[in-house]
Amino acid sequence: MAPEKPTESKGILQTNELYKYILETNVYPREPEPLKEIRSLTAPHPWAVMGTSPDAGQMIELLLKLVGVKKAIEIGVFTGYSLLLTALTIPDDGKIVAIDVDREAYEIGRPVMVKAKVEHKIDFIESEALPILDKMLENPDNEGSFDFVFVDADKINYINYHERVMKLVKVNGIVVYDNTLWFGTVAQPEASVIDDLKEGRVSTIKFNKSLAADPRIEISMVPLGDGLTICRRVY
Ligand SMILES: C[S@@+](CC[C@H](N)C(=O)[O-])C[C@H]1O[C@@H](n2cnc3c(N)ncnc32)[C@H](O)[C@@H]1O
Ligand SMILES: O=c1cc(-c2ccc(O)cc2)oc2c(O)c(O)ccc12
C-alpha cells in the first residue's frame, strides 16, 4: 500500500479524524491570518503537499519564542509558510537568511510577506544551499552566530547541511530537520516502499543514525507532520 502524504492526512496518528481534531481545536484558531493566506495561495500548486503543515508550524513558533530567536537560517523555502511564520515571530530587527533554488515558488508567497510588513527581515537567496552555507562560513563573523536553523530541502543533502549548520549555529542554538520519518518509510522494509520514496528512505535512515550518534547535539524526534528532529547544539 502506498504511504499517504502528510498534509491534510493523519501522518502517523491513528486516524484522520484525530488529526482534524488537533487542527480544528488547537491549530487553526491560533494560526495568524497571513499564514492562512499563504496556505490558500499554495493550495493550487502541484507540490502544495511540501508546505510545512500548520501543526508543525505551531511547534516551530513555540521553539522560536522559547529560544528568543533573532537570527535564523532557512534551507528550503518553497512558497514561504515556515519563512513567514519565522518572520512574524522574530523581533522587528531580526534577520532570516532563506535559501531556495526555486524563486518562482517564493514569489507566490512574497506579496503576503510584504503585506504583513516583515519582508525587511528576510534575505532570500536563490541558489543551491550548500555553496551559500560554505560562503557564509568564509566570514568568521557568521560562525556560531545563528540562533535557529530550519532545514526542509533535499533530503539527500541533510548530512552535508548538518556539518555546515553545526558551525553556523551558536552553542545552545536550535536546528530543526523536517521529514525525518519520510512518510513512515524509515521503519518499513525496502521492498514495501514505493520507488519514489526509496532514495529518501535510505538517506533519511542514514541521517537519523548520524544525528543519534552526534555528541555535539541533544535531540528529540517529534512525530508531527512528516517527523521533525529538534537538535540543540551542546558544544
Ligand atoms: C519541502 S519544500 C520547503 C517547504 C517550506 N519550508 C514551507 O514551509 O513551505 C523543499 C524546498 O527545497 C528546495 N530545494 C530542494 N533542493 C534544494 C537545494 N539543493 N538547495 C536549495 N533549495 C532546495 C525546493 O526548491 C523546495 O522549495
Ligand atoms: O513530497 C515531498 C517532497 C519533498 C522534497 C523532495 C525533494 C526535494 O529535493 C525537496 C523536497 O519534501 C516534502 C516535504 O518537506 C514535506 O513536508 C512533505 C512532502 C514532501
Side-chain angles (χ1 to χ4, degrees), residues 2-12 31-32 34-43 45-61 64 72-89 96-110 112-113 122 124-136 148-162 164-165 175-186 193-204 207 222-229:
E4 276 181 304
K5 299 233 168 172
T7 300
E8 301 302 328
S9 78
K10 65 184 185 294
I12 67 158
E31 188 184 33
L35 293 181
K36 290 188 199 298
E37 206 177 327
I38 281 227
R39 269 200 298 116
S40 70
L41 286 172
T42 303
H45 194 286
W47 282 96
V49 69
M50 291 204 303
T52 299
S53 60
D55 51 325
Q58 197 177 49
M59 156 67 108
I60 293 168
E61 182 184 341
L64 292 166
I73 301 173
E74 175 161 302
I75 306 173
V77 173
F78 187 44
T79 59
Y81 187 93
S82 52
L83 176 60
L84 177 57
L85 170 99
T86 307
L88 287 169
T89 308
I96 315 154
V97 177
I99 315 164
D100 201 302
V101 287
D102 184 0
R103 178 177 285 276
E104 221 176 285
Y106 171 64
E107 289 297 338
I108 295 172
R110 200 169 71 87
V112 188
M113 302 177 207
I122 298 168
F124 177 81
I125 303 174
E126 179 189 357
S127 171
E128 292 282 336
L130 272 181
I132 298 300
L133 298 175
D134 284 335
K135 203 163 158 220
M136 288 169 79
F148 186 85
V149 184
F150 182 47
V151 183
D152 188 14
D154 47 336
K155 320 306 162 192
I156 48 167
N157 264 317
Y158 274 22
I159 268 188
N160 299 320
Y161 296 144
H162 186 62
R164 275 88 174 167
V165 160
V175 186
V176 176
Y177 291 99
D178 195 19
N179 309 107
T180 52
L181 295 175
W182 199 234
F183 302 100
T185 63
V186 291
V193 173
I194 58 167
D195 284 348
D196 281 357
L197 296 178
K198 278 195 163 108
E199 189 186 36
R201 171 187 171 274
V202 171
S203 39
T204 307
F207 178 65
V222 183
L224 268 180
D226 191 25
L228 293 176
T229 301

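In each ligand, atom 1 is the first atom listed, and ligand 1 is the first ligand listed. None of the values given here were measured: they were computed from a predicted structure.
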Is a side-chain donor or acceptor of [X] paired with a backbone partner of [Y] at a separation under 3.5 angstrom?
X: Asp100; Y: Asp102; value: yes
X: Arg164; Y: Asn160; value: yes
X: Tyr158; Y: Val151; value: yes
X: Tyr81; Y: Gly109; value: no
X: Arg103; Y: Glu126; value: no

I'd like to check which ligand 1 atoms, numbered from 1 as shown, lie under 4.0 Å from a non-hydrogen atom of [X].
X: Met50; answer: 1 (C), 2 (S), 4 (C), 26 (C)
X: Tyr161; answer: 18 (C), 19 (N), 20 (N)
X: Asp102; answer: 25 (O)
X: Ser127; answer: 20 (N), 21 (C)
X: Val77; answer: 5 (C), 7 (C), 9 (O)

Within 6.0 Å of NZ in Lys135, more than 12 heavy atoms from elsewhere: no
Within 6.0 Å of CD in Glu199, more than 12 heavy atoms from elsewhere: no
Proximity of [X] to ligand 2 by residue part, where a heavy atom lies under 4.0 Å:
X: Phe78; value: neither
X: Asp152; value: side chain
X: Asp154; value: both
X: Ser53; value: neither

Per-atom contacts, ligand 2 versus Ala153 - under 4.0 Å to a heavy atom: 10 (C), 11 (C)
Residue Phe183 vicinity, atoms of ligand 2 by number, heavy atom under 4.0 Å: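 What qualifies from ligand 2 is 1 (O), 19 (C).
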Check whether any N or O atom of [X], backbone or side chain, sits under 3.5 Å from an N or O atom of ligand 1, and answer yes or no.
X: Asp154; value: yes
X: Glu128; value: yes
X: Asp152; value: yes
X: Ala129; value: yes
X: Gly76; value: yes
X: Thr52; value: yes

Heteroatom distance test ([X], ligand 2): nitrogen or oxygen, under 3.5 angstrom:
X: Trp47; result: no
X: Asp226; result: no
X: Lys155; result: yes

Residue part near ligand 1, for Ala105, under 4.0 Å between non-hydrogen atoms: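 The answer is neither; Ala105 stays 4.0 Å or more away.
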Ile75, portion touching ligand 1 at heavy-atom distance under 4.0 Å: neither
Say you draw a straight line from [atom1] of [X] to [atom2] of [Y]; how long is it, rounded to the nearest 0.5 Å?
X: Ile96; Y: Leu83; atom1: CD1; atom2: CG; result: 5.0 Å
X: Leu133; Y: Ile125; atom1: CG; atom2: CD1; result: 9.0 Å
X: Ile60; Y: Thr52; atom1: CD1; atom2: OG1; result: 5.5 Å

Atom 9 (O) of ligand 1 - nearest protein heavy atom and its distance: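 Of the protein heavy atoms, Gly51 CA, 3.3 Å lies nearest.
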Any Gly225 heavy atom less than 4.0 Å to ligand 2: no
Contact check, Gly109 vs ligand 1, heavy-atom distance below 4.0 Å: no
Nearest non-hydrogen partners of Ala129 and Ile99, listed with the distance: CA-CG2, 3.7 Å
Side-chain heavy atoms of Thr89 within contact of Phe148, under 4.5 Å: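 They are not in contact (no side-chain heavy atoms under 4.5 Å apart), so the answer is no.
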Side-chain heavy-atom pair Phe124, Glu107 within 4.5 angstrom cut-off: no
Steps toward side-chain contact (heavy atoms from CB on, under 4.5 Å) verdict (Ile38, Met113): CA-CA 9 Å; Ile38 281 227; Met113 302 177 207; 4.2 Å; yes
Winner among Asp226, Asp100, Val151 once heavy atoms are compared against atom 26 (C) of ligand 1: Asp100
Ring geometry between His45 and Phe78 (parallel below 30°, tilted from 30 to 60°, perpendicular above 60°):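 The rings of Phe78 and His45 stand perpendicular, inter-plane angle above 60°.
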